[in-house]
> 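This structure is in structure tokens; I'll ask about it shortly.
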Number of protein chains: 2
Amino acid sequence: MLFDDKVPIYYQIKNYLYHRIVAGDLQLGDKLPAVRQLAVDLTVNVNTVQRALREMIAEGYIVPQRGRGNFVTADAAKITTLKHELLRTYSQAFYRQLHALKLSDTEILQAIETYIEKRRDADD
Amino acid sequence: MLFDDKVPIYYQIKNYLYHRIVAGDLQLGDKLPAVRQLAVDLTVNVNTVQRALREMIAEGYIVPQRGRGNFVTADAAKITTLKHELLRTYSQAFYRQLHALKLSDTEILQAIETYIEKRRDADD
DNA sequence: ACTAGTGTTATATCTTTCTATAACACTATA
DNA sequence: TATAGTGTTATAGAAAGATATAACACTAGT
């Protein structure tokens with residue numbers, strides 16, 4: 001995984017794990033990789049992984065079991081809500097950015113349509 | 001202007017000014033507000049403003065004139081390119097985020113369409 | 001010349017993030 | 001009960017970002 005040096009790593013790890021959960025790579029109740037393993041995989045320090053997990057635990061998406069591991073919540077509704085929140089957050093950010101450039105609603109839609117079309121041709 | 005505490009302020013200022021240029025609030029050749037004034041308006045330190053400007057100058061979008069002020073480049077083509085880059089960057093980020101959630105191209109389009117529709121109803 | 005307005009640079013200090021390293025706490029199983 | 005696997009916490013140091021404050025450099029107009 002590559003990190004954007006403009007955003008705290010712990011924050012990107014959090015988003016990365018949320019993505020994997022919403023995408024279904026990590027199912028309800030699944031055990032996460034061990035913190036030390038995650039640290040190795042992501043080439044970061046254990047404390048940095050822990051910082052991300054601490055927040056996810058506080059938000060109720062991860063349930064820690066000391067000595068056993070960290071587990072994805074078994075609360076399906078919570079994950080559904082998370083997905084909707086992510087979709088809304090990303091859509092809102094995209095809309096606001098283009099709106100700030102004075103693009104109309106129609107032009108905003110066209111922008112993403114055009115991007116998707118071009119993408120199909122030259123796979124970037 | 002509100003800052004996102006997850007991203008360096010100087011970087012957000014840079015994007016903010018690029019937005020104002022692309023949106024046409026700042027025209028080709030226009031003089032920018034004085035650095036001290038910008039610092040007051042954005043409630044940040046002069047050095048922070050200067051850090052943003054330094055990079056914009058290095059990228060050729062701002063032309064500094066010591067003792068007179070900072071000016072938007074008069075190179076129209078450069079601004080056009082900037083607009084396209086911004087559109088592409090934002091579209092790409094949006095696409096990748098939703099693609100990582102395993103949404104299809106069609107679903108990605110629907111997501112932004114739905115957002116825009118809902119937005120019209122309850123103005124958020 | 002002086003002055004007001006402007007850009008530019010420097011210093012010291014604070015905060016946040018990240019790191020390396022180590023130790024401690026708990027669970028499951030041989 | 002020993003041990004391997006796991007989570008948790010702590011300390012000290014490095015690096016980046018932001019701040020307050022101050023000084024220096026240039027321009028334009030009086």
Side-chain angles (χ1 to χ4, degrees), chain A residues 1-18 20-21 25-74, chain B residues 1-18 20-21 25-74:
Chain A
M1 183 191 177
L2 294 178
F3 293 111
D4 175 351
D5 71 352
K6 293 293 184 302
V7 182
I9 294 175
Y10 80 88
Y11 194 77
Q12 296 182 62
I13 292 175
K14 202 173 137 182
N15 281 320
Y16 165 70
L17 292 175
Y18 279 156
R20 291 199 52 196
I21 291 172
D25 298 332
L26 289 167
Q27 302 275 335
L28 296 186
D30 270 5
K31 182 181 165 188
L32 264 59
V35 288
R36 286 177 186 75
Q37 187 58 48
L38 274 175
V40 169
D41 293 347
L42 303 172
T43 59
V44 297
N45 190 271
V46 179
N47 286 312
T48 307
V49 171
Q50 202 72 5
R51 167 86 187 261
L53 292 181
R54 195 190 316 147
E55 297 197 359
M56 298 175 82
I57 290 164
E59 291 168 12
Y61 295 105
I62 296 294
V63 179
Q65 295 195 33
R66 196 185 183 109
R68 295 193 60 233
N70 287 295
F71 298 81
V72 177
T73 178
Chain B
M1 183 191 177
L2 295 178
F3 293 109
D4 175 352
D5 70 353
K6 293 292 185 300
V7 181
I9 295 175
Y10 80 87
Y11 195 76
Q12 296 182 63
I13 292 175
K14 201 174 137 181
N15 281 319
Y16 164 70
L17 291 175
Y18 278 156
R20 292 199 51 196
I21 292 172
D25 299 331
L26 289 167
Q27 303 274 335
L28 296 187
D30 270 4
K31 182 181 164 189
L32 265 61
V35 288
R36 286 176 187 78
Q37 188 57 49
L38 275 175
V40 169
D41 294 347
L42 302 172
T43 59
V44 297
N45 191 271
V46 179
N47 286 312
T48 306
V49 171
Q50 201 71 4
R51 167 84 186 262
L53 292 181
R54 194 189 317 146
E55 297 198 358
M56 298 175 82
I57 290 165
E59 291 167 13
Y61 295 105
I62 297 293
V63 179
Q65 295 197 32
R66 197 185 183 108
R68 296 195 57 232
N70 287 295
F71 299 80
V72 177
T73 176

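Here is how names work: the chains are called A, B, and so on, in the same order as the sequence lines, proteins then strands, and each is numbered from 1. Not measured: the values here are computed from a predicted model.
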> Counting only side-chain nitrogens and oxygens, does B/N47 get under 4.0 Å of the OP1 or OP2 atom of D/dA18?
no
> Checking contacts here: which listed nucleotide (D/dT8, D/dT19, C/dC18) is nearest the side-chain heavy atoms of A/R36?
D/dT8
> To the side chain of A/P8, which of D/dG7, C/dC18, D/dA18 is closest?
C/dC18
> Give, for atom CD1 of B/I57 and atom CZ of B/R54, the distance between the pair rounded to the nearest 0.5 Å.
9.0 Å
> Between CG of B/D25 and OH of B/Y16, what distance do you get to the nearest 0.5 Å?
8.0 Å
> Write down the distance between CD (B/Q65) and C1' (D/dA25), rounded to a whole number of angstrom.
15 Å
> Return the value, rounded to whole Å, for the distance between atom NZ of B/K31 and atom P of C/dG5.
11 Å
> Name the closest nucleotide to the A/N45 side chain, picking from C/dT6, D/dT19, C/dA20.
C/dA20
> Can you identify which nucleotide, out of D/dT8, C/dT19, D/dA25, has its nearest atom closest to the B/R66 side chain?
D/dA25
> Between CD of A/Q37 and CG of A/L32, what distance do you get to the nearest 0.5 Å?
12.0 Å
> Is there a side-chain polar atom (N or O) of B/T48 under 4.0 Å from OP1 or OP2 of D/dG17?
no
> In whole angstrom, what separates A/R51's CZ from D/dT9's P?
14 Å
> Starting at atom OH of B/Y11, determine the distance to atom P of D/dG17, rounded to an integer number of angstrom.
12 Å
> In whole angstroms, how far is the P atom of C/dT8 from the CD1 atom of B/I62?
11 Å
> Round to a whole Å and report the spacing from CG of B/L53 to P of C/dT9.
12 Å
> On DNA chain C, compare the nucleotides closest to B/P33 and A/Y10; which residue's is nearer the 5' end?
B/P33
> So which one's nearest nucleotide on DNA chain D is more toward 5', A/D5 or A/L32?
A/L32
> Contact class for B/R68 vs. all strands (heavy atom < 4.0 Å): base, sugar-phosphate, or nothing?
sugar-phosphate
> Check A/T73 against A/V63 and note the closest heavy-atom contact, atom names and distance.
CA-CG2, 4.2 Å
> Let me confirm one number: the CG-CG distance from A/L42 to A/L17, rounded to the nearest 0.5 Å.
7.5 Å
